[in-house]
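Sequence lines set the chain letters: A, B, ... in the order given, protein chains first and strands last, and positions in each chain run from 1. Just so you know, these numbers come straight off a predicted model, no measurement behind them.
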Amino acid sequence: MAKETFNHKDIEPAFQKKWEDAKLYETDLTKPNPYYLLFEFPYPSGDLHAGHWYAYAVTDIFARFKRMQGNNVLFPVGFDAFGLPAENAAIKEGTNPKEGTRARIERMRSQMKRIGTSVDWSKEVISSEPMYYKWTQWLFAKLYEHNLAYRAEAPVKWCPKDQTVLANEQVIDGTCERCGTEVEEKILTQWFMKITEYAERLLADLELLPWPPEIKEAQRQWIGKSEGARIAFSIPRTADRDANPKIIEVFTTRPDTIFGATYLVLAPEHPLVMALDVSNKNEVEDYVKKTSKKTAIERSEHKEKTGIELKGVKAVNPATKEDIPVYIADYALATYGTGALMAVPAHDARDHAFAKKHNLPIRVVLEEGEGYEGEGTLSNSDIFTGKNSKQARWDIVEAIGGKRATNYRMRDWLVSRQRYWGCPIPVVYDPEGKPHLIPEEHLPWLLPEDVDYTPKGKPPLASSKELHERVEKIFGEGWMPEYDTLDTFVDSSWYFFRYLDPKDDHNFTDLELAKKWMPVDRYSGGSEHTTVHLLFARFFTKALYDLALSPVFEPFTERFNRGLLMGPDGRKMSKRWGNVINPDELVEQYGADAVRMYLAFIGPYNEPGHYPWQPTGVPSMRKFLNRIFTLSQKLDEGEPSEDMRRTLAKTIAKIEKDSEKFKFNTAVSALMVLVNELEKLPKVPTSAYGTLVRLLAPFAPHLADHLFEATREQGSVHSQKWPEADAALLVEESVVVVIQVNGKKRGELVLSHDAPEDEVKKVVFEFLAIREAKRFVYVPGKIVNVVVG
RNA sequence: GCCGAGGUGAUGGAAUUGGUAGACAUACAGGGCUUAAAACCCUGAGGAGGAAUAAACCCCUCCGUGUGGGUUCGAGUCCCACCCUCGGCACCA
């Protein structure tokens with residue numbers, strides 16, 4: 001007969017109900033001592049997988065820990081519920097994305113409750129519900145009013161399969177993030193957010209954030225600041241060189257090499273291309289057409305640099321006054337800098353490759369020679385010859401009439417999507433086609449339901465009769481609706497404000513509460529959101545700050561990227577490999593507490609590592625919980641020994657410190673060490689056990705509460721205070737000091753922790769049977785190193 | 001190519017941030033309980049060698065944190081060079 005243990009199937013649902021009935025986790029936001037703990041609200045895919053558990057269960061440990069420490073913790077959850085998968089499922093199954101989404105949310109809610117999370121469901125937000133997207137629309141309107149949202153024609157990335165425009169951020173290696181189809185480029189009129197206006201602040205304010213360096217660095221790179229100059233090259237007309245020349249402006253980070261600029265390159269999409277008097281117009285048009293058909297991948301093939309000369313056109317190098325040829329080539333990007341570049345083939349690898357292919361002159365202007373790309377001494381550079389390139393850089397810019405310029409790699413955020421399941425853009429067009437914001441009293445501007453979702457190259461909203469009628473009824477005949485919806489990243493750029501006041505019908509958030517609760521104290525999420533979501537949320541917060549709609553200009557104080565759970569075979573979990581872990585089965589067999597404990601133990605949560613799933617992990621945690629349960633059968637009223645009291649103090653301090661840093665793996669191991677020690681005792685003092693149960697509470701909340709009740713304590717363990725580590729007990733009176741000779745361990749001595757050096761020296765010399773040493777190093781409480789000849 | 005993070009037993013990982021490397025756990029091995037198995041409990045364990053013994057433990061020595069150098073009384077930790085893995089960006093002028 002197995003030893004008596006606990007039955008998680010009885011305990012877990014019972015306590016979940018008890019907590020819910022007692023509204024134990026509903027946060028009163030008006031109370032003092034706020035702590036805002038946030039995790040990324042999930043997309044309602046319908047089923048909780050192991051990764052979801054990792055995201056919610058482990059942050060829940062921290063929420064519970066913080067609460068016991070006396071913080072008023074806001075730990076909310078919601079659903080990022082708009083988006084393509086629901087729409088695609090609806091197309092496939094012929095169902096309605098709204099109903100499907102609601103059903104999946106309901107399913108996920110009940111699964112999340114089984115984890116034993118202490119999230120506050122009363123603050124739930126669902127981005128696809130009118131109550132929420134009314135405010136997405138309202139915020140869009142505010143940004144539009146302040147010129148931070150605008151409509152423009154621009155080259156955009158187009159996914160031919162999903163039949164929609166994509167943001168740059170949604171193009172991965174030239175393919176659509178969702179479906180993997182190669183992305184095409186198109187010129188379309190679209191809605192944008194002016195994130196570039198905030199580029200400098202997004203960059204500079206990173207300095208203020210205590211974020212992990214890899215996250216900050218990734219954002220810096222994404223913003224991609226380059227300092228350089230804009231330089232005008234004139235293109236005189238052939239007939240009369242001086243009359244009214246056309247100007248091509250280039251951006252360069254190396255104006256100091258301009259004496260080596262032997263030709264110009266324009267992007268094929270550059271507006272001037274068609275405006276110049278080129279003699280080979282047909283050829284040029286042909287090339288432009290061919291380029292536009294290329295996918296992003298084809299275009300970024302490094303090997304071959306294609307391009308053709310604009311014949312009959314010359315530009316004047318403002319430094320050398322020489323005529324130089326002008327080319328169009330697809331290695332020049334329309335969307336970076338001015339869409340035109342001065343080519344310095346001697347000192348730029350790309351220009352060099354192109355020049356070789358097209359037999360263009362290569363002039364060395366740095367003494368270090370052809371192929372050199374660093375800083376050095378200038379040559380062939382008129383009066384600047386002999387000067388250092390870096391030092392002469394801005395003098396050269398001035399001498400040739402250029403101006404210093406900063407350029408960013410980041411582009412404005414394209415937010416319109418030709419898809420159905422998203423937040424309608426709150427705009428209508430008058431009979432002249434001019435856009436107008438929909439007045440606030442008509443918000444929420446509802447997503448129509450009489451819509452054909454199937455992609456036909458037209459936005460689905462165009463098929464809604466109801467929408468057309470609605471617009472004409474409100475605005476008049478000839479007025480037309482906007483058919484595009486907003487990218488879901490807009491929805492998720494402000495949801496953390498909404499949690500503070502999710503049901504408010506008059507404001508997007510409660511600004512008084514925001515003053516108290518923002519910024520979010522700690523935000524935990526996946527590393528895939530490092531550059532996209534996190535930048536958009538920062539941009540939104542800054543923009544709202546400037547509009548006096550946010551008390552803070554940064555949304556998140558701390559940020560941790562969570563690691564990735566891998567399958568038992570070390571590969572990414574995937575149906576394809578058959579290595580997907582189903583948490584439901586594990587909960588059924590071992591209990592949610594055991595799963596939580598294993599997830600906490602699997603590796604450090606403060607670093608985004610890859611953790612292969614150990615099939616023995618959850619059972620072994622269940623074993624550990626059983627041992628804690630078994631301990632309850634040998635309780636004794638006696639006082640703990642001093643040794644035990646020291647162990648307890650150390651354990652408390654260790655778990656506290658590790659949990660604060662999200663290092664739950666070592667916190668759990670400290671708990672294990674404590675249990676190992678308690679098991680050695682013939683009887684377990686009740687007070688020591690009570691401490692253990694409190695320490696266990698954040699990790700295994702159901703069992704801890706059960707044991708708390710079973711040991712006849714009143715109320716819930718989760719309303720208890722976190723135990724305090726007795727500082728006096730943390731200092732060991734006597735400690736083991738390692739004795740080294742020449743850095744090698746030769747023994748140990750038990751010494752008082754503050755023994756004076758003279759005394760220690762005497763004892764150590766005696767121990768080693770020596771009389772003198774070349775050097776004697778003593779670190780009190782730790783180590784003695786004796787250096788002998 | 002550029003940037004970032006990281007290489008520690010069979011495995012996940014630990015190491016008070018320059019002070020006993022391998023905590024804690026898994027897997028493994030031996031033993032106990034059992035008719036047997038499961039469960040549970042106990043014990044062992046980085047590698048090589050030495051000494052000793054009936055045998056084992058204890059004990060002793062050397063090697064050992066990707067590789068090679070360096071700084072230091074002392075290096076997994078700091079510095080230099082190189083190799084490898086993972087992640088981000090990538091024709092960004």
Side-chain angles (χ1 to χ4, degrees), chain A residues 1-3 5 173-174 212-222 224-226 228 250-254 257 261 265 267 299-305 329-333 335-344 348-351 353-354 407-411 527-528 530-531 561 564 566 570 598 601-604 607-617 619-621 623-624 626-627 630 653-654 657-658 663 665-673 675-676 679 736-748 773-779 781-788:
Chain A
M1 175 65 197
K3 234 183 210 171
T5 179
D173 289 332
E214 65 272 18
I215 299 183
K216 292 209 230 179
E217 196 45 44
Q219 293 209 354
R220 279 189 203 109
Q221 252 183 70
W222 190 269
K225 181 176 181 174
S226 296
V250 303
F251 173 75
T252 176
T253 53
R254 291 299 300 272
T257 61
V265 184
R299 221 179 134 160
S300 67
E301 286 294 335
H302 299 207
K303 300 170 233 156
E304 194 81 1
K305 298 240 175 311
D330 57 9
Y331 82 93
L333 306 173
T335 45
Y336 185 77
T338 61
L341 59 95
M342 63 174 214
V344 184
D348 180 285
R350 295 153 301 180
D351 298 341
F354 191 82
N407 203 57
Y408 298 91
R409 209 182 58 89
M410 188 169 67
R411 326 243 167 94
S527 45
E528 70 274 20
T530 300
T531 44
N561 280 355
L564 212 57
M566 312 303 275
Y598 176 56
F601 191 64
I602 198 165
E607 297 167 14
H610 291 210
Y611 305 115
W613 186 271
Q614 300 206 11
T616 51
S620 75
M621 286 299 153
K623 215 156 91 180
F624 175 61
N626 286 345
R627 282 165 58 201
T630 307
K654 168 98 178 133
K657 203 171 134 219
D658 290 348
K663 294 192 69 171
N665 55 334
T666 47
V668 171
S669 110
L671 216 48
M672 289 170 168
V673 172
V675 169
N676 289 345
E679 275 178 340
V736 176
V737 172
V738 171
I739 312 301
Q740 293 184 335
V741 176
N742 292 339
K744 300 218 185 270
K745 187 183 169 189
R746 284 295 177 270
E748 302 175 336
K774 228 191 228 164
R775 195 164 163 189
F776 186 85
V777 183
Y778 170 49
V779 183
K782 279 190 181 145
I783 204 159
V784 168
N785 191 13
V786 184
V787 186
V788 295

Colleague: Return the nucleotide paired to B/G12: Watson-Crick means purine N1 to pyrimidine N3 with N6-O4 or O6-N4, wobble means G-U with N1-O2 and O6-N3, both under 3.5 Å.
Modeller: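 When the pairing criteria are applied, B/C24 turns out to be the nucleotide that pairs with B/G12.
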
Colleague: Any base atoms under 4.0 Å from A/Ile602, or only sugar-phosphate, or nothing? Heavy atoms, all strands.
Modeller: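 Sugar-phosphate contact only.
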
Colleague: Are A/Glu214 and A/Ser527 side-chain neighbours, meaning at least one heavy-atom pair lies under 4.5 Å?
Modeller: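 A side-chain contact is absent here, since even the closest heavy-atom pair is not under 4.5 Å.
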
Colleague: Across all strands, who's sitting opposite B/A81 as a Watson-Crick or G-U wobble pair, both distances under 3.5 Å?
Modeller: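 For B/A81, the partner nucleotide comes out as B/U67, under the 3.5 Å rule.
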
Colleague: At under 4.0 Å between heavy atoms, what does A/Asn407 touch on the DNA or RNA strands: base, sugar-phosphate, or nothing?
Modeller: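 The answer is nothing, as A/Asn407 stays clear of every strand by at least 4.0 Å.
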
Colleague: In whole angstrom, give me the gap between the C1' atoms of B/C3 and B/U11.
Modeller: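 Looking at atom C1' only, B/C3 and B/U11 are 32 Å apart.
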
Colleague: Restricting to side chain to side chain contact (heavy atoms under 4.5 Å, CB included), what partner residues turn up for A/Ala340, sequence neighbours left out?
Modeller: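 For A/Ala340 the side chain to side chain contact (heavy atoms under 4.5 Å, CB included) partners, ignoring immediate neighbours, are A/Ile248, A/Val250, A/Leu266, A/His270, A/Thr338.
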
Colleague: Would you indicate which nucleotide in B/U26, B/C24, B/A93 comes nearest to any side-chain atom of A/Val673?
Modeller: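 The listed nucleotide nearest to A/Val673's side chain is B/C24.
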
Colleague: I'd like the C1' distance from B/G9 over to B/C24, given in whole Å.
Modeller: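 B/C24 and B/G9 have their C1' atoms separated by 14 Å.
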
Colleague: Counting only Watson-Crick or G-U wobble pairs whose two distances fall under 3.5 Å, which nucleotide matches B/C62?
Modeller: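 For B/C62, the partner nucleotide comes out as B/G47, under the 3.5 Å rule.
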
Colleague: Provide, to the nearest angstrom, the distance between the CD atom belonging to A/Glu679 and the P atom belonging to B/A25.
Modeller: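 Computing the A/Glu679:CD to B/A25:P distance gives 10 Å.
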
Colleague: Using heavy atoms to find the nearest nucleotide of RNA chain B for A/Asp351 and A/Ile215 separately, return the residue whose nucleotide is more 5′.
Modeller: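 Result: A/Ile215.
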
Colleague: Taking the same atom, P, in B/G68 and in B/U53, what whole-Å distance lies between them?
Modeller: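 Approximately 39 Å lies between the P atom of B/G68 and that of B/U53.
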
Colleague: C1' atom, B/A51 versus B/C57: distance in rounded Å?
Modeller: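 Nearest-Å result for B/A51 against B/C57 at atom C1': 14 Å.
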
Colleague: What is the distance, rounded to the nearest whole Å, between atom NZ of A/Lys654 and atom P of B/U16?
Modeller: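 Distance check: A/Lys654 NZ to B/U16 P gives 9 Å.
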
Colleague: Using a cut-off of strictly less than 4.0 Å, decide whether A/Arg409 has a side-chain nitrogen or oxygen near OP1 or OP2 of B/A90.
Modeller: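 The answer is yes; a side-chain N or O of A/Arg409 sits under 4.0 Å from OP1 or OP2.
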
Colleague: Select base, sugar-phosphate, or nothing to describe what A/Ala343 touches, counting heavy atoms under 4.0 Å on all strands.
Modeller: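 A/Ala343: no heavy atom of the nucleic acid under 4.0 Å.
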
Colleague: Please give the nucleotide sitting opposite B/A52 as a Watson-Crick or G-U wobble pair, both distances under 3.5 Å, or none.
Modeller: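 Across all strands, not a single nucleotide pairs with B/A52.
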
Colleague: Name the closest nucleotide to the A/Val777 side chain, picking from B/C89, B/C73, B/G4.
Modeller: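 Looking only at side-chain atoms, A/Val777 lies closest to B/C73.
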
Colleague: Which of the following nucleotides, B/A14, B/A93, B/C41, is nearest to the side chain of A/Tyr336?
Modeller: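 When the side chain of A/Tyr336 is considered, B/A93 is the closest of B/A14, B/A93, B/C41.
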
Colleague: Does B/C73 pair with anything, Watson-Crick or G-U wobble, both distances under 3.5 Å, and if so, with which nucleotide?
Modeller: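 B/G19 - that is the nucleotide pairing with B/C73, both distances being under 3.5 Å.
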
Colleague: Does A/Ser226 reach a base, just sugar-phosphate, or nothing at all? Heavy atoms under 4.0 Å.
Modeller: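 Since only primed, P, OP1 and OP2 atoms lie under 4.0 Å of A/Ser226, the category is sugar-phosphate.
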
Colleague: Can you tell which of B/A14, B/U72, B/G4 lies closest to the side chain of A/Arg775?
Modeller: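 Output: B/U72.
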
Colleague: Need one value for A/Ala332: base, sugar-phosphate or nothing, where a base atom within 4.0 Å counts as base even if backbone is also close, heavy atoms only.
Modeller: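 Base contact.
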
Colleague: Has A/Asn785 got a side-chain N or O lying under 4.0 Å from the OP1 or OP2 atom of B/U72?
Modeller: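 Answer is no, no contact under 4.0 Å.
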
Colleague: What's the closest nucleotide to the side chain of A/Lys305 if the choices are B/U20, B/A14, B/C91?
Modeller: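 It is B/C91.
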
Colleague: Please compare A/Lys663 and A/Phe251 by the position of their nearest nucleotide in RNA chain B and report the one closer to 5'.
Modeller: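 The residue whose closest nucleotide sits nearer the 5' end is A/Lys663.
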
Colleague: From the set B/A93, B/G12, B/U20, return the single nucleotide nearest to any side-chain atom of A/Phe601.
Modeller: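 Side chain of A/Phe601 sits closest to B/G12.
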
Colleague: Under 4.5 Å between any side-chain heavy atoms of A/Asn676 and A/Arg627, yes or no?
Modeller: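 Touching, per the 4.5 Å side-chain cut-off.
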
Colleague: Looking at B/C86, B/A93, B/G19, which one has an atom nearest to any side-chain atom of A/His610?
Modeller: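 Looking only at heavy atoms from C-beta outward on A/His610, the closest nucleotide is B/C86.
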
Colleague: Taking O4'-C1'-N9-C4 for purines and O4'-C1'-N1-C2 for pyrimidines, is B/U17 syn (within 90° of 0) or anti?
Modeller: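 Here the answer is syn: the torsion falls within 90° of 0.
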
Colleague: It should be established whether A/Asn665 places a side-chain nitrogen or oxygen under 4.0 Å from OP1 or OP2 of nucleotide B/A14.
Modeller: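 Checking A/Asn665 against B/A14: at least one side-chain N or O falls below 4.0 Å of OP1 or OP2.
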
Colleague: Please work out if A/Pro608 contacts a base, only the sugar-phosphate, or nothing of the nucleic acid, heavy-atom cut-off 4.0 Å.
Modeller: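 Counting heavy atoms under 4.0 Å across all strands, no contact is made by A/Pro608.
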
Colleague: Going by modelled atom types, is there a donor-acceptor pair between the base of B/C40 and the side chain of A/Lys623 at under 3.5 Å?
Modeller: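 In this structure, the two groups form no donor-acceptor pair.
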
Colleague: In the strands shown, is B/G87 matched to any nucleotide by a Watson-Crick or G-U wobble pair with both distances under 3.5 Å, and which?
Modeller: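 WC or wobble partner is B/C3.
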
Colleague: State which of B/U11, B/G13, B/G88 makes the closest approach to the side chain of A/Gln614.
Modeller: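 Among B/U11, B/G13, B/G88, the one nearest the side chain of A/Gln614 is B/U11.
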
Colleague: Does any N or O donor sit under 3.5 Å from an N or O acceptor when you compare the side chain of A/Gln221 with the base of B/G88?
Modeller: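 Counting by modelled atom types and ignoring angles, a donor-acceptor contact under 3.5 Å is found here.
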
Colleague: By the rule that syn is within 90° of 0, classify the base conformation of B/G44 as syn or anti.
Modeller: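 Anti conformation for B/G44.
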
Colleague: Measuring from the side chain of A/Glu214 (C-beta onward, heavy atoms only), which nucleotide among B/A5, B/A15, B/U20 has the closest atom?
Modeller: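 For A/Glu214, the side-chain atoms sit closest to B/A5.
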
Colleague: Are the side chains of A/Thr252 and A/Val344 in touch, meaning some heavy atoms are under 4.5 Å apart?
Modeller: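 No; the side chains remain at least 4.5 Å from each other.
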
Colleague: Could you state the atom-to-atom distance from CH2 of A/Trp613 to P of B/G13 in whole Å?
Modeller: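 Rounded to whole Å, this separation is 14 Å.
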
Colleague: Using the side-chain heavy atoms of A/Leu341, tell me which of these nucleotides is nearest: B/A93, B/G19, B/A27.
Modeller: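 The closest nucleotide is B/A93.
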
